[in-house]
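Please read these numbers as outputs of a predicted model, since none were measured by experiment. Below, chain A is the first sequence line, B the second, and so on; all start at residue 1.
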Amino acid sequence: MMIATWNVNSLKIRLPQVIDWLKENPVDFLCLQELKQDNEFFDLAAFEEIGYTACWSGQKTYNGVAIISRTKGKDVVRNNPLFEDAQQRLIASTYDSEQGPIRVINVYCPNGSAVDSDKYVYKLAWYKELTNFLKSEMSTYQHVILTGDFNIAPEDRDVHEGYKGDILISPPERKALQELIDLGLHDAFRLFEQEEKSFSWWDYRMMGFRRNAGLRIDHILISDSLKQICEACWIDKEPRRLERPSDHTPVVADIKWDLIT
DNA sequence: ATGGCCTTCTTCGAAGGA
């Protein structure tokens, strides 16, 4: 089973790139963030044409998440039931497998803007309730994948040397991510040897990608049951080289797991 | 090297992103 996450920064603009990427990388799940379009504009037919279905939670201009999958999921949850939020940043769905149901939770965590801003306060509150939601999900489901754009670089090695900001790396943010991981999740990327200076996002400005001035903020977190059978996790930098790319690029995990299709 | 880019809309200037 292959699962990928990709913040596409407007699905309207990036749809052809997403379809092309799926043809080249026929993953079982592709979790998208920052659709930036309302639900009625989600082009399900474009995915059906290449053998996928989807569930989504869109929003005009900002946010919006979708799970593209081979089979239709069930028990779809849009937004965290523990956190009243007009912003569409979470979608979860359950898929059948030989080993029992697997819960896929796709998140677009708040950016936070600047440390101590209102948006930063919102980010930390959002994370706190995400942790409470995950606690509940993990008591219901044994096999859980929490993936998406976390807008937090877990460690200093996930941050390019010239990074000047505090946001995305501040201790309270990292603590919030750690509390989530402490529920019994594992950063799939760090289960394996990786190149130094591996990032998943690069600023459009200042030739960020060419200088490899990036951050690793897109993650695939997997439950204990999936850790031992996770065979690989990598960042696919190819889409970042395309004309008019998203500023994020896909992260992919390969897990030895048999879905029912 | 955070001013410098990209996307969106209440669109030609501003907000948000990270």
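- Judged by the 6.0 Å distance and 45° axis criteria, A:R70 is not positioned over the aromatic ring of A:F29.
- Considering all non-hydrogen atoms of both residues, A:C55 and A:Y95 come closest at SG-OH, 4.1 Å.
- Here the shortest heavy-atom pairing between A:R14 and A:N9 reads NH2-O, 2.7 Å.
- Connectivity analysis of hydrophobic side chains (ILVMFWY, heavy atoms under 4.5 Å, direct or indirect) links A:Y62 to nothing; its cluster partners are none.
- To the nearest whole angstrom, the two C1' atoms, one in B:dG16 and one in B:dT10, are 15 Å apart.
- Of the two residues contacting DNA chain B, namely A:K164 and A:S113, the nearest-nucleotide position lying further toward the 5' end is that of A:K164.
- Within the nucleic acid shown, A:I167 has no heavy atom closer than 4.0 Å to any nucleic acid atom.
- Backbone-only engagement by A:D149 is indicated by non-hydrogen atom pairs under 4.0 Å involving sugar-phosphate atoms exclusively.
- Distances shown here put every side-chain N or O of A:K36 at or beyond 4.0 Å from the OP1 or OP2 atom of B:dA15.
- Salt bridge status for A:R103 with A:D75: absent, with no side-chain N to carboxylate O gap under 4.0 Å.
- Nucleotides B:dC6 and B:dT11 place their C1' atoms 15 Å apart, quoted to the nearest Å.
- B:dG13 and B:dA1 have their P atoms separated by 32 Å, given to the nearest Å.
- The one candidate from A:D149, A:T5, A:V8 that meets the side-chain contact (heavy atoms from CB on, under 4.5 Å) condition with A:H248 is A:D149.
- Remark: P of B:dG16 and CG of A:N151 are 15 Å apart, rounded to the nearest angstrom.
- Atom CD in A:E243 sits roughly 12 Å away from atom P in B:dT7 (whole-Å rounding).
- Following rounding to the nearest Å, A:Q87 (CD) and B:dG16 (P) show an atom-to-atom distance of 10 Å.
- Using a 4.0 Å heavy-atom cutoff across all strands shown, A:H160 reaches no nucleic acid atom at all.
- For A:T61, taking side-chain heavy atoms from C-beta onward, the closest of the listed nucleotides B:dG16, B:dT2, B:dT8 is B:dT8.
- The side chain of A:N9 sits closest to B:dT7 out of B:dG16, B:dT7, B:dT10.
- Within 4.0 Å of A:N7, counting heavy atoms only, lie sugar-phosphate atoms of the nucleic acid but no base atom.
- With a cut-off of 3.5 Å on both Watson-Crick or G-U wobble distances, the partner of B:dT8 is given as B:dA14.
- A:E34 has its CD atom 9 Å from the C1' atom of B:dT7, to the nearest Å.
- For A:K12 and B:dT7, the shortest distance from a side-chain N or O to OP1 or OP2 is not below 4.0 Å.
- Looking at heavy-atom distances under 4.0 Å, A:R211 makes no contact with the nucleic acid at all.
- Across the protein-nucleic acid pair, A:M207 atom CE and B:dT2 atom P stand 14 Å apart, rounded to whole Å.
- An OP1 or OP2 oxygen of B:dG4 is reached within less than 4.0 angstrom by a side-chain nitrogen or oxygen of A:R205.
- The distance between atom CD of A:Q59 and atom P of B:dC9, rounded to the nearest whole Å, is 11 Å.
- Residues A:H248 and A:S10 both approach DNA chain B. Their nearest nucleotides, taken by heavy-atom distance, put A:S10 toward the 5′ side.
- Between B:dG3 and B:dT8, the distance separating the two P atoms is 24 Å to the nearest Å.
- In this entry the distance linking OH of A:Y204 with C1' of B:dG3 reads 19 Å, nearest Å.
- B:dT7 atom P lies 5 Å from atom CD1 of A:I13, rounded to whole Å.
- Between the P atoms of B:dT2 and B:dC12, the separation comes to 30 Å (whole Å).
- Across all strands, A:F209 comes closer than 4.0 Å to no nucleic acid atom at all (heavy-atom distances).
- Atom CG of A:D118 is surrounded by 12 or fewer heavy atoms from other residues, nucleotides or ligands within 6.0 Å.
- The side chain of A:R14 places an N or O atom within less than 4.0 Å of a non-bridging phosphate oxygen (OP1 or OP2) of B:dT7.
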